[in-house]
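Presented below is the structure to which this report refers.
Each ligand, and each atom within it, is numbered from 1 in the order the structure gives.
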Amino acid sequence: MSSKSFVEIIDIHKSYGKLVVLEGVNFDVRKGEFIVILGPSGEGKTTLLNIIAGVIRPDKGKVIIDGQVVDDSSNIYIPPERRDVGYVFQNYALYPHMTAFDNIAFPLKMKKLPRDEIEQRVEKIAKLLKIDHVLHHKPSQLSGGQQQRVAVARAIVKEPKLLLMDEPFSNIDPALRASVRLELRLLLKSLGITSIMATHDQEEAMTLADRLLILRRGKPIQIGSPMEVYEKPSDKFVAEFVGGMNILELKSEYSSLLREYRVEGEDVSVKFMGFRPESVIISNEGLEAEVLDAEYKGDKWTIIAQIRSGEIIRFYNKDPVNTKSTVYIKPTKIYLFSSEGKTVKILTINK
Ligand SMILES: Nc1ncnc2c1ncn2[C@@H]1O[C@H](COP(=O)(O)OP(=O)(O)O)[C@@H](O)[C@H]1O
Ligand SMILES: [Mg+2]
């Protein structure tokens with residue numbers, strides 16, 4: 001165990017019948033850290049959060065929170081209410097017949113705190129989350145954003161050691177998401193709450209996470225800061241999923257282009273080549289592509305083009321490019337992947 005880890009997830013396995021959902025999940029979380037579990041839907045994110053919360057049990061593995069083994073998939077099992085963990089469920093799971101105040105007060109009532117203290121703590125957290133004016137409303141009378149704040153308030157009012165959140169922004173109007181996201185991040189940082197959040201949204205994950213854990217086929221395929229994951233994706237899947245890399249199957253027609261990156265022809269392990277939209281420059285040589293469309297992005301244009309082999313690529317350009325025109329493009333940075341999709345080389349050339 002590293003001395004700094006606050007939560008340790010050790011070799012977690014979980015199957016439902018023949019369906020293997022988690023297969024050897026290992027990671028740790030430092031105190032005060034914000035970890036985002038990122039993966040397409042159905043990859044086991046909710047299952048993993050439920051195991052950390054104690055709502056379900058793993059078939060194998062261990063969960064340690066603040067030095068205490070809370071589940072060892074055998075004799076040791078500390079139930080959710082004794083784990084000191086706050087949980088914001090995907091659909092918020094607010095009690096519909098209770099007011100916002102009573103929803104938030106619920107965990108404190110369970111702890112049998114005195115009435116005065118409950119009132120003080122609910123009001124304090126409600127002010128912080130800017131829902132103090134709707135405390136007498138029932139969930140159905142609240143907007144999506146307000147419901148989310150009530151759910152967050154209920155999860156953190158008892159000042160848990162650890163906060164779990166399952167896709168907490170999915171019911172929020174996209175126009176409001178960025179500001180709600182920022183406020184939540186600043187709040188959790190100011191309170192010093194250690195958090196683990198699950199999402200399938202890579203942009204959301206990138207903006208919130210101290211570190212990302214990318215879950216794929218039941219395993220974490222990469223753990224790292226958003227910048228590490230973006231700059232050095234561990235494989236083709238991560239490269240495409242985070243930040244949308246163009247990926248092409250390597251063909252002999254690229255050999256003149258690749259020579260500029262000093263890739264030798266005998267490198268047989270390389271099967272795919274990738275490059276990010278922002279690394280492309282239009283040149284008078286390089287990959288030949290026919291422009292299909294140009295999308296205006298304010299500060300730039302996204303050019304969608306088709307290369308000779310038929311594959312569609314995207315890249316950014318300061319100016320639009322006429323559709324049907326032919327361009328030659330050169331990425332300043334390329335990623336090479338093995339036939340299994342592993343990143344084997346990252347190469348750059350000068351502009
Ligand atoms: N109680 C259950 N019984 C059977 N299959 C389940 C159960 N819970 C989840 N699953 C399956 O496990 C897989 C992972 O689910 P989940 O953890 O909800 O993924 P995610 O949150 O990443 O979308 C899915 O295929 C889902 O259908
Ligand atoms: Mg889920």
Discussion item. Assess whether a salt bridge exists between R211 and E33, defined as any Lys/Arg side-chain N lying under 4.0 Å from an Asp/Glu carboxylate O.
Written reply: yes
Response to the item:
min-distance protein heavy atom vs atom 11 (C) of ligand 1 -> L19 CD2, 3.6 Å
Discussion item. Under a 4.0 angstrom heavy-atom cut-off, which atoms of ligand 1 come close to K45?
Written reply: 17 (O), 19 (O), 20 (P), 21 (O), 22 (O), 23 (O)
Worksheet entry | From A198, G42, G218 - option closest to atom 23 (O) of ligand 1 by heavy atom | G42
Discussion item. What I want to know is whether S41 and ligand 1 share at least one N or O pair that is separated by under 3.5 angstrom.
Written reply: no
Discussion item. Is any side-chain heavy atom of H200 closer than 4.5 Å to one of E167?
Written reply: yes
Discussion item. Going by the closest heavy atom to atom 18 (O) of ligand 1, which one wins out of L38, L22, V20, T46?
Written reply: T46
Discussion item. Between the side chains of E123 and K127, is the shortest nitrogen-to-carboxylate-oxygen separation below 4.0 Å, so that they form an ion pair?
Written reply: no
Worksheet entry | Contact check, side chains of I214 and V229, non-hydrogen atoms, under 4.5 Å | yes
Worksheet item: Are any of the side-chain nitrogens in K60 or D11 under 4.0 Å away from the carboxylate oxygens of its partner?
Response: yes
Discussion item. With respect to the Mg ion (ligand 2), please indicate if T46 possesses an N, O or S atom at a distance under 2.8 Å.
Written reply: yes
Worksheet entry | Nearest protein heavy atom with distance in Å, relative to atom 12 (O) of ligand 1 | V21 CG2, 3.3 Å
Practice prompt. May I ask you to list the atoms of ligand 1 that are less than 4.0 angstrom from any heavy atom of T47?
Written response: 15 (O), 16 (P), 17 (O)
Discussion item. Just by distance, no angles: are the side chains of E285 and S283 close enough, under 3.5 Å, to form a donor-acceptor pair?
Written reply: no
Item to complete: Provide, to 0.1 Å, the distance between atom 6 (C) of ligand 1 and the closest protein heavy atom, together with that atom's residue and name.
Response: Y16 CD1, 3.3 Å
Practice prompt. Evaluate the side-chain proximity of K297 to Y316: yes if any heavy-atom separation is below 4.5 Å, no if none is.
Written response: no
Worksheet item: Judging by distance only, is a nitrogen or oxygen of G44 under 3.5 angstrom from one on ligand 1?
Response: yes
